[in-house]
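Before any comments, here is the structure.
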Amino acid sequence: MSIKTKTVELKKRMQSATQGGGEKAIEKQVKMGKMTARERIVSLLDPNSFHEYDLFVEHAARDFNMDKKHLPGDGVITGTGTISGYPVCIYAQDFTVAGGSLGLMHAKKITKIMDHAMKLKIPIIGINDSGGARIQEGVNSLAGYGEIFYRNTQASGVIPQISVILGPCAGGAVYSPALTDFVFVVDKISKMFITGPEVIKSVLGEEISMEELGGAKVHSEITGNSHFYSESEEECFDQIKKLFTYIPWNNSKKAEAFPKKAPKSKMYNIDKIIPSNPRQPYDVRDVIKSISDDSDFLEIQENFAANMVIGFGRLNGQTVGFVANQPLVLAGVLDVDSSDKAARFIRFCDSFNIPLVTLVDLPGYLPGVDQEHAGVIRHGAKVLYSYSEATVPKITVILRKAYGGGYIAMCSRHLRADFVFAWPTAEIAVMGPEGAANIIFRKEIAEAKNPEETRKRKINEYKRKFANPYVAAANGYVDAVIEPSETRKFVMHALEISSQKDEVAPKKKHGVPPF
Ligand code: HXC
């Protein structure tokens, strides 16, 4: 056979292998507003950069008539490519082929590309659109998932792992994403659950739609399982591209540096953000934007535990991770969800050499039976643990309230912040003046001729003495009390001189965080 004939045969085989689950299944996919797996890869990666491997892999299952079924690519597409020149390994499950379900060979394709990513030290992106373990392949599909989970765990903190949920994902198809760094969901398209509505109905007799059980909004607002929410697949891919501008290829590199750009001072005037009445809220994102390069900020988990704001920005062209209390929501308290949210992000930044800038304004941990019973002790401790453990440069700015455990937890000097700055509006104390005066002057107030007047006087006395940054500054817990307008200058300088920071953690196999 001539090369020409063999090439024709190759093309024929390729055509058959890339057809997905056939016209009808593709039509169903398109009707649901979904791209095909192949279109997704093309749309996410740089033009012509995708190189596919293992196109001709076939499943080897024999039971339940599987020997009669041809599943192109065994329902998953794998390969390498680039995003704005940044190299990545990628896989996309094809729902049109047996519901994207994971059989043994499907799993082997995924684990092979994950192994490549680890060896090449580049990120792995998984586009998940799968009914989970392929039922017909029994324990082999479970084995496949086990192999993926093991690799997700080994890769954690070594290379960035991105999961995109673009279809109904069940069982293992959501546990692998849960082990990765960032999960992207799209409204009306993404569904995530361990067991679907059918199982819930048969076991518990409860009826619920896929959307109500595990739709994109549920995971963005209630469970916190997702990190980025969008309205369409295109918007989701733009978010991924943006994320890649902030993170490094692997844990031995720094994120790419960009040219330094001044913040948009006309839009964000730092001197005017905090209201003069300390009880009034403000949007802490305005503070972030008033100090970050070009006022740029990529917020993560925007609609989950919104009392805590996390995300990436740049200072002096270099990526930083912002962690900030949000006075607009629940006065910025720490609670179960906001603690989880912050702690995980801190660990991501620490793993990938991204300095942390913490902005503090909170009355403390949220009191209440619900929180206590939901385990606020354990969850809140995650913040203490992750800040204490982090060895990247840690810069803290206390904007206003820093009371009690909240003061300590939000990257205080005591958890080894490298630099702690405070605005003149900072109030650093065990608790707010009202609460404090009521407790320590209770007797005096009760016995006074005019208790209300005495209470006010005592509150003011306490405010003058403790509700300021100067006691902490006098003890060296705060390095400098600075004007708000000096924040960018101080933080940038602190980051610059911390660039060679090389803190060595005590030798151990690993710690035991309060998971
Ligand atoms: C084999 C599957 C499949 C699976 C879907 N299909 N899931 N085949 N194994 N797990 C097939 C269907 O038979 C169908 O094939 C095609 O994919 C499309 O599925 P539909 O049901 O028609 O689609 P839809 O109505 O959109 O529903 C999607 C779905 C549902 C919600 C994902 O299919 C479903 O509930 N699947 C089962 C989910 C599940 O329980 N998986 C096992 C999880 S256990 P045809 O030929 O008709 O087109 C697991 C173990 C790991 O993953 C756990 C780790 C901790």
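Start at 1 and go down the list; that is how both ligands and their atoms are numbered. Bear in mind the structure is a predicted one, so any value in this text is a computation, not a measurement.
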Taking only residues two or more places apart in sequence or in another chain, which ones pass salt bridge (Lys or Arg N to Asp or Glu O under 4.0 Å) with D335?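 Checked D335 against salt bridge (Lys or Arg N to Asp or Glu O under 4.0 Å); zero matches.
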
Please enumerate all residues that pass salt bridge (Lys or Arg N to Asp or Glu O under 4.0 Å) together with E206, with sequence neighbours excluded.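 Per chain and number, E206 pairs via salt bridge (Lys or Arg N to Asp or Glu O under 4.0 Å) with no residue.
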
If the test is side chain to side chain contact (heavy atoms under 4.5 Å, CB included), which one of K109, M105, K108 qualifies with V76?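 Only one of K109, M105, K108 forms a side chain to side chain contact (heavy atoms under 4.5 Å, CB included) with V76, namely K109.
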
Is the shortest distance from a Lys or Arg side-chain nitrogen in K191 or E211 to a carboxylate oxygen in the other one below 4.0 Å?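 Yes.
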
Between E233 and K34, does any side-chain N to carboxylate O distance fall below 4.0 Å?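 Salt bridge absent between E233 and K34.
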
Within residues 338-395 or reaching into it, pairs that qualify as ring pair (Phe, Tyr, Trp, His ring centres under 6.0 Å) - sequence neighbours excluded: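 As it turns out, the ring pair (Phe, Tyr, Trp, His ring centres under 6.0 Å) pairs with a partner in residues 338-395, which skip direct neighbours, are F182-F348, F312-F345, F348-F352.
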
At a 4.0 angstrom heavy-atom cut-off, what protein residues surround ligand 1?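 Contacts of ligand 1 under 4.0 Å: K28, F95, A98, G99, S101, G131, G132, A133, R134, I135, Q136, L142, Y145, F149, P168, A170, G171, G172, Y175, M210.
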
